[in-house]
Engineer: 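First the structure, then my questions, so here it is.
Sequence lines set the chain letters: A, B, ... in the order given, protein chains first and strands last, and positions in each chain run from 1.
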Amino acid sequence: MVSVEEIRRAALKWALKNAFDHEGKAQVGPVVSKVIAEFPAAKSVVNQVVEAVKEAVSWVNSLDSQTIEASLSEIAPQLLTEAPKKAAERQLPDLPAAAEGAVVLRLPPEPSGYMHLGHAFHGIVNYLYRERYRGFLWLRFEDTNPRKVRLEYYDSYREGYKWCGVKWDAEKNNSDDMELYYDYARRLFEGGHLYVCNCSKEELSRQRAEGVACSHRSIDTSWHLEKWDAMLSGAMSEGEAVVRFAGDPLSQNTALRDPVLFRIVDHPHPLKGDRYIVWPTYDFAVAVQDAVCGVTHVLRTSEFMFRDALQDAIRERLGLKNPVYVEYSRFEFEGTPLSRRRIRELIERGVVGGWDDPRLGTVTAARRRGISPEALREFVKFYVALTPSRKIYSWELLYAINKRIIDPKTPRLFFTPNPRRIIIQGAGRRIVTAPLHPSVDMGSRPIEVGETVYIPGSDAERLKPGDRFRLKYFVNLRVMDMNGDGLICRAEEGGPEPGLQVIQWVPEGSARLRVLIPDQLFRGEGLNVESLRIVEGLVEPYESEIAEGAVVQFERFGYCVKDGPGRYIFTHR
RNA sequence: GCUCCGGUAGUAUAGCCCGGUCAAGUAUGCGGGCCUCUCGAGCCCGAGACCCGGGUUCAAAUCCCGGCCGGAGCACCA
């Protein structure tokens, strides 16, 4: 029990502290909270606390600030100095009902298009949990629609995940277990949980929309089994019959209104050829596979929310175990469409060059424009929440992390966009030694230079006769004269000076270079007309040593990736 | 339209379940400064948010109700 005296003392202490923090004026509410936080037992006598605090506050508020500080330093000097607030290391929240060593997760890509950043994030999230719980991660291709699936895309995912640093423990395809689906289907038919339906597509969707039961549902089991066999044997053609789940035609959740679980698809499968003609739909394949794989936690985006009940119902009728679901909103990036449908459309319209166009959010595009996989992983750890609220990430956040990661590994080079010539009077031919990095020891590159150099056009424009500036690591100059589109300068003695503008430069004979500067494809409503700018300029000779795919920092310009001979892609500032 | 689900600084998040150490923490971006032979990195300082309205309570970002706004689903796609 707390004594009245203790409450009084605490009230005074926290009133002083509160006044000290807020320009000499304490408030009753926060002080009461502080007192109760210190003495939780005082909750039962909250009226007394409030009285004590009111007294203390009105007393403290009548004091001048010096007296407040003096009194506080007497009663509780430790409160005078702000305790540093600890910045807790961010980590993903615990998985519900998860135990170390007993977590099985899965990555379920549909190989029908290239992998994008949303898939990458999802893969990383699963992988991080696999690590955290020392669990097991499946890579399982959801390839039960032969018409959509293509061979090249399987590899796109394997490579994409690998590049992201996501390791999986086992791999399989939903299409590997067709016989199993058929066996399970037969069992469900026998239990009256499945029925063959001959209705037209239109009729079927009418029934589902209006919540009416299909007449086929009440026919004898033997009839359904007969039809099922006919479907399997190829005696029926596409569209002639489907297999439906005997669910609840009246359910509020439309997914439960007798959905189609098997249909005939007369189209070869990239892996199975034309061995099968009856294919399970997503819900059936997933429901069975998640159980067969022993998946304990299904992490997925909330568009699948309405299917939980269906997939659980399928498993329950099969006597299989259900997983725990963690569902969250999709990951979006500002001005960057991620949906494969929209990307395909942009490619077809010629708005972008292809799946690896640097403006796109595909994994190949991100890779091509210099986003590092470590940055993606850090990003997921620090900025991604598995919540159902809408999130649109800004590229800045990713850039900031990427920059922190690549900066210490990135050599510096001189690149002069829209170059202007400078003739230097009074400097002979010499070799300038320039370090490859300002703080990390990466060695240096020699630059042979004579009386002619080039500097960026934007710098040249600002310079007038009489101005002074420095060519980095080289020489101080004074502008003497303008000469056509160039400048004539005189060399001066001395090194770098505080306040003296430092400019990067390249010697005569430097190679031409093109830098592609990708930006968001969309701004607000419409297309961003400047989504891909091209800057041309000269680059110092050392550039020839840079390997394709490597990142450099062009000083005072930004980080760029070598995309090909004479061609770079701008990563970010 | 019907059914669900959300809403904390410009952005992403912590806190919400279990009301009080929250007149709200962090990162990024922004403003200022320091440092630096880059407009990069690093360091320091600053401004910036609980969607709105009611209710419950001594006390609400947190619980309840209503509104507004946003998102998702309503395929023989996944």
Engineer: Picking from rG20(B), rC37(B), rU38(B), which would you name as closest to the side chain of Lys43(A)?
Structural biologist: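 Of the options given, the side chain of Lys43(A) lies nearest rG20(B).
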Engineer: When the ring planes of Tyr399(A) and His572(A) are compared, do they come out parallel, tilted or perpendicular, using 30° and 60° as the limits?
Structural biologist: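 Taking His572(A) first and then Tyr399(A), their aromatic rings sit tilted (interplane angle of 30° to 60°).
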Engineer: Could you list the protein-to-nucleotides 44-52 of chain B atom pairs, N/O on both sides, closer than 3.5 Å?
Structural biologist:
none

Engineer: Mind checking whether His269(A) and Tyr276(A) have ring centres under 6.0 Å apart?
Structural biologist: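 No, the ring of His269(A) stays outside the 6.0 Å limit from the ring of Tyr276(A), centre to centre.
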Engineer: Do the side-chain N or O atoms of Lys403(A) get closer than 4.0 angstrom to the phosphate oxygens (OP1, OP2) of rA41(B)?
Structural biologist: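 Yes, Lys403(A) has a side-chain N/O under 4.0 Å of OP1/OP2 on rA41(B).
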Engineer: Select base, sugar-phosphate, or nothing to describe what Asn145(A) touches, counting heavy atoms under 4.0 Å on all strands.
Structural biologist: sugar-phosphate
Engineer: For Lys409(A), answer base if it contacts any base atom (sugar-phosphate contacts may also be present), sugar-phosphate if it contacts only those atoms, and nothing otherwise; contact means non-hydrogen atoms under 4.0 Å.
Structural biologist: nothing
Engineer: Scan residues 433-443 of chain A against RNA chain B and write down, sorted by residue number, each residue with any heavy atom closer than 4.0 Å; if none is found, say none.
Structural biologist: Pro438(A)
Engineer: List RNA chain B stems (3 or more consecutive Watson-Crick/G-U pairs, under 3.5 Å)?
Structural biologist: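 Stem segments, range with range: B:1-7 with B:68-74, B:10-13 with B:25-28, B:30-34 with B:42-46, B:51-55 with B:63-67.
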Engineer: Taking OP1 and OP2 of rA78(B), is either one under 4.0 Å from a side-chain nitrogen or oxygen of Thr144(A)?
Structural biologist: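 For rA78(B), OP1/OP2 do have a side-chain N/O of Thr144(A) under 4.0 Å.
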Engineer: With heavy atoms under 4.0 Å as the rule, sort Asp266(A) into base, sugar-phosphate or nothing.
Structural biologist: nothing
Engineer: Out of rC76(B), rC37(B), rG6(B), which nucleotide sits closest to the side chain of Pro388(A)?
Structural biologist: rG6(B)
Engineer: Looking across every strand, which nucleic acid part, if any, lies under 4.0 Å from Arg307(A) by heavy atom: base, sugar-phosphate, or nothing?
Structural biologist: base
Engineer: Between rC76(B) atom C1' and Arg206(A) atom CZ, what is the distance in whole Å?
Structural biologist: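 The distance from CZ of Arg206(A) to C1' of rC76(B) comes to 17 Å, rounded to the nearest Å.
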Engineer: Suppose we screen for ring-ring contact (aromatic ring centres under 6.0 Å, His included). Which residues come up paired with Phe306(A), at least two apart in sequence or across chains?
Structural biologist: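 Applying ring-ring contact (aromatic ring centres under 6.0 Å, His included) to Phe306(A) gives none.
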Engineer: Distances under 3.5 Å only, N/O to N/O: pair up the protein atoms with those of nucleotides 11-16 of chain B.
Structural biologist:
residue, atom, partner, partner atom, Å
rU11(B), O3', Ile392(A), O, 3.0
rU11(B), O2', Ser394(A), N, 3.3
rU11(B), O2', Ser394(A), OG, 3.2
rA12(B), OP1, Ile392(A), N, 2.8
rA12(B), OP1, Ile392(A), O, 3.2
rA12(B), O2', Tyr383(A), O, 2.4
rU13(B), OP1, Tyr393(A), OH, 3.2
rU13(B), O5', Tyr383(A), O, 3.2

Engineer: Give one of base, sugar-phosphate or nothing for Arg257(A), where a contact means two heavy atoms less than 4.0 Å apart.
Structural biologist: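 Counting heavy atoms under 4.0 Å across all strands, no contact is made by Arg257(A).
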Engineer: Considering every strand and a 4.0 Å limit on heavy-atom distances, what is the contact class for Thr301(A): base, sugar-phosphate, or nothing?
Structural biologist: nothing
Engineer: Would you please name every residue forming a side-chain hydrogen bond (donor to acceptor under 3.5 Å, both in side chains) with Arg300(A), sequence neighbours left out?
Structural biologist: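 Listed in chain order: Tyr282(A), Asp308(A), Gln311(A), Glu327(A).
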Engineer: Does Gly558(A) reach a base, just sugar-phosphate, or nothing at all? Heavy atoms under 4.0 Å.
Structural biologist: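 The answer is nothing, as Gly558(A) stays clear of every strand by at least 4.0 Å.
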Engineer: Of the nucleotides rG29(B), rG6(B), rA75(B), which has the atom closest to the Ala400(A) side chain?
Structural biologist: rG29(B)
Engineer: Can you tell me the distance, in whole Å, between the CZ atom of Arg106(A) and the C1' atom of rA78(B)?
Structural biologist: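 From Arg106(A) CZ to rA78(B) C1': 11 Å.
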Engineer: For RNA chain B, determine which residues of residues 243-253 of chain A have any heavy atom closer than 4.0 angstrom to one of its atoms, and list them numerically.
Structural biologist: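 Heavy-atom contacts with RNA chain B come from Gln252(A).
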Engineer: Between Phe284(A) and Tyr181(A), how do the two ring planes meet: parallel, tilted or perpendicular, split at 30° and 60°?
Structural biologist: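 The rings of Phe284(A) and Tyr181(A) stand perpendicular, inter-plane angle above 60°.
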Engineer: What nucleotide among rA23(B), rC76(B), rC5(B) has an atom nearest to a side-chain atom of Arg263(A)?
Structural biologist: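 Selected nucleotide: rC76(B).
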Engineer: Describe the nucleic acid contact of Tyr559(A) in one word from base, sugar-phosphate, nothing, applying a heavy-atom distance below 4.0 Å.
Structural biologist: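 Sugar-phosphate, backbone atoms only, no base.
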Engineer: Without placing hydrogens or testing angles, list every side-chain donor-acceptor pair under 3.5 Å for residues 331-339 of chain A, not counting sequence neighbours.
Structural biologist:
residue, atom, partner, partner atom, Å
Glu332(A), OE1, Arg390(A), NH2, 3.3
Glu332(A), OE2, Arg390(A), NE, 3.3
Thr336(A), OG1, Glu334(A), O, 3.0
Thr336(A), OG1, Trp395(A), NE1, 3.0
Ser339(A), OG, Arg342(A), N, 3.1

Engineer: Quick one: sort the Phe415(A) and Phe557(A) rings into parallel, tilted or perpendicular, breaks at 30° and 60°.
Structural biologist: perpendicular
Engineer: Is it true that Arg478(A) and Asp467(A) make a salt bridge, defined as a side-chain N closer than 4.0 Å to a carboxylate O?
Structural biologist: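 No.
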Engineer: Mind checking ring-ring contact (aromatic ring centres under 6.0 Å, His included) for Phe141(A) and listing every partner two or more places apart, or none if nothing turns up?
Structural biologist: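 Counting only residues at least two positions away or on another chain, Phe141(A) forms a ring-ring contact (aromatic ring centres under 6.0 Å, His included) with Tyr154(A).
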Engineer: I'd like to know if Asp519(A) pairs up with Arg533(A) as an ion pair, taking the criterion as any Lys NZ or Arg NE/NH1/NH2 lying under 4.0 Å from an Asp or Glu carboxylate oxygen.
Structural biologist: no
Engineer: Whole Å only: how far is the CG atom of Asn18(A) from the P atom of rC22(B)?
Structural biologist: 12 Å
Engineer: Run the side-chain hydrogen bond (donor to acceptor under 3.5 Å, both in side chains) test against Glu210(A) and tell me which residues pass, sequence neighbours left out.
Structural biologist: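 In terms of side-chain hydrogen bond (donor to acceptor under 3.5 Å, both in side chains), with neighbours along the sequence ignored, Glu210(A) is linked to Arg206(A).
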Engineer: Would you classify Lys34(A) as touching base, sugar-phosphate or nothing, given that sugar-phosphate means primed atoms plus P, OP1 and OP2, and contacts are heavy atoms under 4.0 Å?
Structural biologist: sugar-phosphate
Engineer: If you only use heavy atoms from C-beta on, which nucleotide in rU21(B), rG40(B), rA75(B) is closest to the side chain of Arg208(A)?
Structural biologist: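 Looking only at side-chain atoms, Arg208(A) lies closest to rA75(B).
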Engineer: Are Arg412(A) and Asp407(A) within salt-bridge range, i.e. N to O under 4.0 Å?
Structural biologist: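 So Arg412(A) pairs with Asp407(A) through a salt bridge.
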Engineer: Atom CD1 of Ile401(A) and atom P of rG29(B): how far apart are they, to the nearest Å?
Structural biologist: 10 Å
Engineer: Between rA78(B), rC4(B), rG40(B), which nucleotide gets closest to the side-chain atoms of Met305(A)?
Structural biologist: rC4(B)
Engineer: Heavy atoms from C-beta onward define the side chain here; which of rG42(B), rA23(B), rG20(B) lies closest to that of Val32(A)?
Structural biologist: rG20(B)
Engineer: Taking only the side-chain heavy atoms of Glu555(A) (C-beta and beyond), determine which of rU38(B), rA78(B), rA75(B) contains the nearest atom.
Structural biologist: rU38(B)
Engineer: Name all residues meeting the ring-ring contact (aromatic ring centres under 6.0 Å, His included) criterion together with Tyr195(A); count only those two or more places apart in sequence or in a different chain, and write none if there are none.
Structural biologist: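 Partners of Tyr195(A) by the ring-ring contact (aromatic ring centres under 6.0 Å, His included) criterion come out as none, since no residue qualifies.
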Engineer: Would Lys272(A) and Asp143(A) pass as an ion pair if we require N to O under 4.0 Å?
Structural biologist: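 Not counted as a salt bridge, because no side-chain N and carboxylate O are separated by less than 4.0 Å.
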Engineer: Quick one: side chain to side chain contact (heavy atoms under 4.5 Å, CB included) partners of Asp441(A), sequence neighbours excluded?
Structural biologist: none
Engineer: Does Lys472(A) make a cation-pi contact with Trp505(A) (under 6.0 Å, within 45 degrees of the axis)?
Structural biologist: no
Engineer: Compare every heavy atom of Asn402(A) with every heavy atom of Gly370(A), then report the nearest pair and how far apart it is.
Structural biologist: O-ND2, 3.1 Å
Engineer: Tell me yes or no: between the side chains of Gln207(A) and Arg244(A), is some donor less than 3.5 Å from an acceptor?
Structural biologist: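 There is such a pair between these side chains.
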Engineer: Tell me whether the guanidinium CZ or amine NZ of Arg445(A) lies under 6.0 angstrom from the six-membered ring centre of Phe414(A) and within 45° of its axis.
Structural biologist: yes
Engineer: From the set rG73(B), rG40(B), rC37(B), return the single nucleotide nearest to any side-chain atom of Arg470(A).
Structural biologist: rC37(B)
Engineer: If I take atom CG in residue Asp308(A) and atom P in nucleotide rA72(B), what distance separates them, rounded to the nearest angstrom?
Structural biologist: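 Spelled out: CG on Asp308(A) to P on rA72(B) is 18 Å.
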Engineer: Indicate, with a heavy-atom threshold strictly under 4.0 Å, whether Glu238(A) touches base, sugar-phosphate, or nothing.
Structural biologist: nothing
Engineer: Can you measure Glu110(A) atom CD to rA75(B) atom C1' for me and round it to whole angstrom units?
Structural biologist: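 My rounded result for the distance is 13 Å.
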